[in-house]
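The next block holds one structure in the form of structure tokens; read it before the comments.
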Amino acid sequence: MEELFLAVGSVDPTAVINAVLRYVFPILALVILGRCAVSLLTFRKEPEIWAWLTGPDGARYSVTHWETLLGRARSCDVVLNHPTISRTHAVLTRYDDGSWTISDVGSKGGITVNHKSVSMEVVGFGDTIGLGGVEFQLEPISKKQEVQQASERTKAGYGMWPGVTLFWLTIFQVLAAFVLSLGNESTQIFPAFCLLIGLQWLLFGFTKILRRSGFEIEIIAFFLTTMGMAVIASDAPQELTKQLICLAAGIVVFLIVCWALRDLERAKKLRYLAVIGSLGLLAFNLVFGVEQFGARNWIYIGGISFQPSELVKICFLFVGASTLQRIMTKRNMFLFLVYSAMVCGCLVLMNDFGTALIFFAAFLVIAYMRSGNFATIALVVSATAMGGVMAARFRPHILRRFSAWGHVWENALTTGYQQTRAMMCIASGGLFGLGAGRGWLKYVGASDTDLVFAFVSEEWGLLLAIMLILAVVVLAAFVIRSAEVGRSSFYTIGACAAVAILLLQMMLNVFGTVDILPLTGVTFPFVSNGGSSLIACWGLLAFIKAADTRQNASFAVKLPSKRKMEEEALCNVSRGVCCCFWCSWV
């Protein structure tokens with residue numbers, strides 16, 4: 001506050017505006033993030049019932065997933081306590097068109113459909129399904145149950161309208177563009193932020209056309225992207241156009257992945273293309289890649305540079321979730337393990353160990369969520385640890401890259417130069433920052449990528465920098481809440497792996513900056529300068545969007561046509577009138 005009074009006394013309009021907005025920005029950020037958090041973290045976790053299984057004793061078991069594991073084990077989605085039923089007996093699968101199949105997963109008693117032995121068969125409502133000699137009947141939910149279930153589910157955006165939150169974000173962006181333009185000779189800043197605002201409102205309007213009311217996930221991504229644009233505007237405004245083009249490309253990738261995830265059968269077919277594409281990109285990188293900062297992970301084509309490993313993240317999740325989404329078997333587990341080893345092996349050969357660690361963490365999340373087998377996971381971790389020891393033995397430069405970890409102040413002029421300057425800038429920025437464009441860290445290498453947390457802390461304040469961390473944490477908490485009532489294990493696995501990648505990237509970036517972890521050169525999601533990273537983050541966001549179980553939120557569920565909804569509403573009104581007439585007559 002002392003700076004504010006000094007600025008007013010000297011009658012410097014620029015300084016006054018900067019001093020005032022230093023305290024306004026954290027408040028606006030808190031409003032934006034708080035509204036999104038309340039909407040995403042307070043919805044009722046009501047599981048959707050898609051069908052019923054009725055047992056021989058009349059007991060009814062609700063089918064709440066699109067892939068339902070049936071058996072005696074507690075880990076099964078529907079637990080059937082009959083001695084002749086295996087621990088994991090069969091999988092009941094629902095498809096996008098409403099059809100169902102039943103598949104045997106190596107049970108001892110086998111399965112039957114209408115008294116005929118099968119290994120996999122299409123089933124319909126009213127059919128009799130035999131599991132180990134015990135017969136169950138597949139029944140639909142009634143219209144009354146469907147209406148009641150819809151009324152109990154939380155509507156996306158209810159109470160915290162996304163349009164209002166987006167309006168506050170727009171105010172934040174306009175003020176940020178204004179303060180960044182003060183004293184800056186670049187003429188690209190204000191137009192770039194106007195285009196950013198236009199892109200986010202265009203996407204919001206598109207979701208409204210599709211009758212989707214949830215937009216909080218996208219708002220968090222746009223908030224983080226806004227801070228990334230602010231960093232670039234302060235450090236290298238000439239790169240704003242490139243980042244905007246990559247943002248537009250990222251939004252297109254987001255919509256394409258959402259479209260692909262909408263049809264699970266289509267997604268399963270596309271996984272083969274994802275395998276070929278990802279391994280092809282990495283192989284091309286190994287042959288034609290250019291080394292920067294010790295890692296050979298850059299490709300230059302006609303003056304355009306990109307990192308193939310960033311785009312491979314989307315393919316990796318696609319392959320992992322679609323391969324394991326039905327039921328874990330030794331065969332597809334082995335194939336996914338081989339694919340993961342090939343991806344991580346390519347990254348190790350490129351010396352891109354930070355990205356390899358991220359892929360390995362994603363593999364652990366995917367494998368554990370489908371297998372639940374600690375022994376298998378422990379074996380993989382042990383084998384990876386041994387591989388790391390061997391790599392360090394035969395490639396000593398790996399250890400040299402981490403030699404400064406924990407000793408940056410002892411080597412402040414050499415290997416610890418970046419981190420010591422970053423920590424000093426965090427301290428000098430205080431809670432509210434020095435003001436947009438007034439930082440010193442921009443003169444240090446990789447300040448807008450590896451050290452971006454310190455960059456934001458210095459110019460915008462530690463409070464706002466912490467809110468960037470909380471934004472990613474909110475997405476993670478939302479995915480964890482949604483996983484409990486997930487429609488499909490495909491969506492649940494994909495979303496959990498996607499948010500694990502975002503979380504790990506954020507932790508490696510922030511903790512590496514302050515020397516809690518080694519500085520691995522990993523970007524902060526959506527914030528760090530880099531087109532490949534931004535596109536990949538928007539692609540990962542599609543997996544989180546698909547897992548949203550709130551009413552009219554996800555693109556994964558096809559909504560009924562407006563005409564059908566109007567007919568049902570008219571029918572419900574007619575029933576209500578008839579009911580009232582009957583009650584009054586009686």
Side-chain angles (χ1 to χ4, degrees), residues 180 184 186 227-240 242-243 246 289-300 303-307 309-310 350-355 357-358 397-429 433-434 436-460 462 465 468 505-534:
L180 283 164
N184 196 314
S186 176
M227 293 308 303
M229 295 281 289
V231 168
I232 296 172
S234 176
D235 181 56
Q238 69 276 7
E239 296 186 16
L240 283 171
K242 178 213 69 174
Q243 196 75 354
C246 292
V290 176
E291 184 172 328
Q292 285 189 6
F293 307 111
R296 191 178 181 180
N297 57 355
W298 288 90
I299 293 291
Y300 284 84
I304 300 174
S305 63
F306 69 97
Q307 286 182 282
S309 59
E310 293 291 340
M350 298 175 197
N351 293 336
D352 194 355
F353 300 100
T355 306
L357 177 61
I358 291 171
H397 67 274
I398 296 175
L399 292 179
R400 288 198 297 269
R401 293 194 63 187
F402 301 105
S403 61
W405 177 31
H407 306 282
V408 294
W409 292 105
E410 300 169 16
N411 305 279
L413 297 178
T414 54
T415 55
Y417 181 84
Q418 288 178 299
Q419 288 155 293
T420 53
R421 271 56 183 177
M423 286 186 276
M424 286 190 289
C425 287
I426 292 173
S428 66
L434 301 177
R438 298 192 168 193
W440 176 85
L441 191 63
K442 66 181 72 174
Y443 303 110
V444 176
S447 61
D448 59 351
T449 53
D450 302 356
L451 308 176
V452 73
F453 177 77
F455 195 115
V456 174
S457 297
E458 182 188 23
E459 294 197 357
W460 298 82
L462 186 60
L468 301 183
Q505 280 192 216
M506 180 266 292
M507 292 171 62
L508 289 174
N509 183 277
V510 175
F511 293 156
T513 298
V514 296
D515 199 34
I516 295 177
L517 291 175
L519 188 63
T520 56
V522 173
T523 58
F524 194 116
F526 297 100
V527 181
S528 291
N529 185 5
S532 304
S533 175
L534 186 61

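Values in this document were obtained by computation on a predicted structure and should not be read as measured data.
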Please examine the side chains of Asp448 and Ser528, heavy atoms only from C-beta on, and report whether any two atoms are closer than 4.5 Å. no
Which heavy atom in Ser428 sits nearest to a heavy atom in Leu434, and how many Å separate them? O-CD2, 3.5 Å
Just so I know, are the side chains of Trp440 and Met424 near enough to count as touching, which here means a heavy-atom distance under 4.5 Å? no
Rounded at 0.5 Å granularity, tell me how far CG in Asp235 sits from OG in Ser447. 4.0 Å
On a heavy-atom basis, the closest approach of Cys246 and Gly531 is SG-CA, 3.3 Å
Nearest 0.5 angstrom please: Glu310 CD to Leu534 CG, how far? 10.0 Å
Do the side chains of Met229 and Asn529 get nearer than 4.5 Å, heavy atoms only? no
Kindly compute the distance separating CD (Glu410) from OG1 (Thr420), expressed to the nearest 0.5 Å. 12.0 Å
Any side-chain heavy-atom pair from Leu462 and Ile426 closer than 4.5 angstrom? yes
Check whether Glu239 reaches the backbone of Ile232 with its side chain - one donor and one acceptor, N or O, closer than 3.5 Å. no
Quick one: are Lys442 and Phe455 in side-chain contact, heavy atoms under 4.5 Å? yes
Can Gln307 and Ser533 be counted as having a side-chain donor-acceptor contact under 3.5 angstrom? no
To the nearest 0.5 Å, tell me how far Ile358 CD1 sits from Thr523 OG1. 7.0 Å
If you round to the nearest 0.5 Å, how far is CG of Leu441 from CE of Met423? 11.5 Å
Is any side-chain heavy atom of Val444 closer than 4.5 Å to one of Tyr417? yes
Using a 3.5 Å distance criterion without hydrogens, assess whether the side chain of Glu459 forms a donor-acceptor pair with backbone atoms of Gly437. yes
Taking all heavy atoms of Asn509 and all of Thr449, pick out the closest pair and write down the distance. ND2-O, 3.2 Å
Measuring only between side-chain heavy atoms, which start at C-beta, is Val522 closer than 4.5 Å to Leu357? no
Rounded distance (nearest 0.5 Å) linking atom CG of Leu451 with atom OG1 of Thr513: 5.0 Å
So Met227 and Leu468, do their side chains get closer than 4.5 Å, heavy atoms only? yes
Smallest separation among heavy atoms of Leu180 and Ala436, with atom names: CD2-CB, 3.7 Å
